[in-house]
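Just so it is clear, the values below take in all heavy atoms, side chains as well, and ignore hydrogens, waters and symmetry mates.
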Amino acid sequence: MRRIAVFPGSFDPFTVGHEGIVRRALVMFDEIIIAVGANALKKSYYSLTTRENMITRVFKDEPRIRIDHYEGLTVDYCRKHGAGFLLRGLRTAADFEFERAIAQVNKTIAPDIESVFILTVPEHASVNSTIVRDIIRSGGDASMFVPSAINLRDYKGDD
Ligand code: ADP
């Protein structure tokens with residue numbers, strides 16, 4: 001059976017931290033779907049299409065990675081796409097507590113789906129999309145925090 005994982009997130013924008021988690025997870029799964037959450041209640045800086053385009057560029061040479069978006073429950077999305085694993089990244093104890101609650105609830109409502117966590121490398125532990133957005137909004141250079149395939153000047157955010 002193919003081992004398919006979903007890596008869900010806002011990715012507003014996709015950072016080197018996210019990229020690191022996905023590349024390391026490739027040894028564990030046959031396919032990874034990076035699923036951008038379209039949350040109608042949460043206003044994003046980059047549009048859904050822009051976020052998907054950015055991520056597509058990063059993995060354009062990796063046939064085992066698919067980019068998509070979804071609305072609704074993440075576990076429903078996983079089932080719909082035959083994914084038995086939900087991939088998440090961990091930076092800090094705060095991430096752990098947040099992720100623990102979500103993963104345990106997901107396990108209750110969808111026992112067939114396993115959450116899998118990868119601990120980030122120390123150099124990515126303080127990389128965070130909120131801070132990256134603040135740098136971009138303020139006209140600073142955030143290029144060192146996003147994958148080299150993403151040229152931030154090519155994308156317009158919602159200022
Ligand atoms: P969400 O809104 O779902 O938290 P994010 O885009 O902020 O979406 O994060 C998606 C996933 O990536 C989460 O599991 C988060 O903990 C993880 N993540 C975010 N930044 C990093 C990083 N620098 N290193 C490792 N994992 C990260």
Side-chain angles (χ1 to χ4, degrees), residues 5-29 31-75 77-78 81 83 85-103 105-106 115-159:
V6 167
F7 184 47
S10 313
F11 309 123
D12 189 27
F14 197 79
T15 68
V16 287
H18 298 128
E19 181 188 21
I21 297 298
V22 172
R23 292 206 188 277
R24 286 166 61 196
L26 272 175
V27 298
M28 292 189 271
F29 304 108
E31 183 181 343
I32 298 175
I33 306 172
I34 302 175
V36 185
N39 185 340
L41 300 174
K42 203 166 144 189
K43 183 88 186 76
S44 63
Y45 178 68
Y46 289 108
S47 72
L48 191 57
T49 312
T50 300
R51 284 178 278 159
E52 285 190 82
N53 287 345
M54 285 181 178
I55 306 169
T56 301
R57 254 175 190 268
V58 177
F59 298 108
K60 65 178 188 340
D61 298 322
E62 183 41 79
R64 293 192 293 129
I65 294 180
R66 242 194 314 146
I67 324 297
D68 194 13
H69 62 268
Y70 74 106
E71 256 178 298
L73 280 180
T74 308
V75 290
Y77 178 85
C78 289
H81 293 270
F85 303 91
L86 223 166
L87 175 66
R88 298 287 285 178
L90 292 177
R91 288 163 292 188
T92 59
D95 270 356
F96 172 77
E97 273 308 312
F98 180 75
E99 298 292 342
R100 182 188 58 76
I102 297 175
V105 169
N106 279 339
S115 292
V116 175
F117 303 93
I118 292 185
L119 188 63
T120 198
V121 291
E123 53 273 35
H124 291 165
S126 48
V127 177
N128 151 343
S129 294
T130 308
I131 296 176
V132 172
R133 275 197 309 275
D134 286 345
I135 296 172
I136 297 168
R137 274 204 185 95
S138 310
D141 178 10
S143 57
M144 65 286 265
F145 302 119
V146 298
S148 54
I150 299 177
N151 183 350
L152 289 169
R153 277 189 291 265
D154 292 345
Y155 303 97
K156 176 100 186 68
D158 177 18
D159 293 295

* To do: Heavy atoms only: give me the nearest Thr56-Glu52 pair and the separation to one decimal.
  => OG1-O, 2.7 Å
* **Asn128 backbone acceptor or donor facing Thr15 side chain under 3.5 Å** => no
* side chain to side chain contact (heavy atoms under 4.5 Å, CB included) partners of Phe117, counting only residues at least two apart -> Arg88, Leu90, Glu99, Ala103, Ser115
* Does any non-hydrogen side-chain atom of Ser10 lie less than 4.5 Å from one of Ser44? -> no
* Asked: Do Asn106 and Leu86 have side-chain heavy atoms sitting under 4.5 Å apart?
  -> yes
* Asked: Can you list the steps and then say if Arg66 with Ile32 is a side chain to side chain contact (heavy atoms under 4.5 Å, CB included)?
  -> CA-CA 6 Å; Arg66 242 194 314 146; Ile32 298 175; over 6 Å; no
* **Whether Tyr155 and Tyr46 hold their rings parallel, tilted or perpendicular, with breakpoints at 30° and 60°** => perpendicular
* **Residue pair Pro8 / Tyr77, side-chain heavy-atom distance below 4.5 Å** => no
* Asked: Where do Gly89 and Phe7 come nearest, in terms of heavy atoms and distance?
  -> N-CE1, 4.2 Å
* Identify the two heavy atoms, one from Gly17 and one from Val127, that lie closest to each other, and give their separation to 0.1 Å. => N-CG1, 4.4 Å
* Asked: Counting heavy atoms not belonging to Arg24, are there more than 12 under 6.0 Å from its CZ?
  -> yes
* To do: Would you name the heavy atoms of Leu48 and Val36 that are closest together and state the gap between them?
  => CD1-CG1, 3.5 Å
* To do: Would you check, one step at a time, whether the test side chain to side chain contact (heavy atoms under 4.5 Å, CB included) holds for Ile135 with Asp141?
  => CA-CA 7 Å; Ile135 296 172; Asp141 178 10; 5.8 Å; no
* Asked: Looking at CD of Glu31 and NE2 of His81, how far apart are the two atoms once the value is rounded to the nearest 0.5 Å?
  -> 10.0 Å
* Rounded to the nearest 0.5 Å, how far apart are CZ of Phe59 and CZ of Arg64? -> 11.5 Å
* Asked: Between Val116 and Phe29, is a side chain to side chain contact (heavy atoms under 4.5 Å, CB included) present by the stated rule, with each step listed?
  -> CA-CA 11 Å; Val116 175; Phe29 304 108; 4.3 Å; yes
* To the nearest 0.5 Å, what is the distance between CZ (Phe85) and CE (Met28)? -> 9.5 Å
* Decide yes or no on side chain to side chain contact (heavy atoms under 4.5 Å, CB included) for Asp12 and Arg51, but give the supporting numbers first. => CA-CA 7 Å; Asp12 189 27; Arg51 284 178 278 159; 3.8 Å; yes
* To do: Give the minimum heavy-atom separation between Ala25 and Leu87, together with the two atoms involved.
  => CB-CD2, 3.5 Å
* To do: Answer whether the closest heavy-atom distance between the side chains of His69 and Thr49 falls below 4.5 Å.
  => no
* Taking Arg133 for its side chain and Tyr45 for its backbone only, find out whether a donor-acceptor pair lies under 3.5 Å. => no
* Describe, in one word, how the ring planes of Phe11 and His18 are oriented to each other, choosing from parallel (under 30°), tilted (30 to 60°) and perpendicular (over 60°). => perpendicular
* Asked: Heavy atoms, side chains only, cut-off 4.5 Å: are Leu152 and Met54 in contact?
  -> yes
* Asked: Side-chain contact, heavy-atom cut-off 4.5 Å: Val146 with Phe14?
  -> no
* Give, for atom CD1 of Ile67 and atom CD of Glu62, the distance between the pair rounded to the nearest 0.5 Å. => 10.0 Å
* From Ile131 CD1 over to Ser126 OG, what is the distance, rounded to the nearest 0.5 angstrom? -> 7.0 Å
* To do: Answer whether the closest heavy-atom distance between the side chains of Asp158 and Lys43 falls below 4.5 Å.
  => yes
* Atom CG of Asp95 and atom CD of Glu97: how far apart are they, to the nearest 0.5 Å? -> 10.5 Å
* Apply the side-chain contact (heavy atoms from CB on, under 4.5 Å) test between Ile34 and each candidate in Asp68, Val58, Ile65; give the one that qualifies. => Ile65
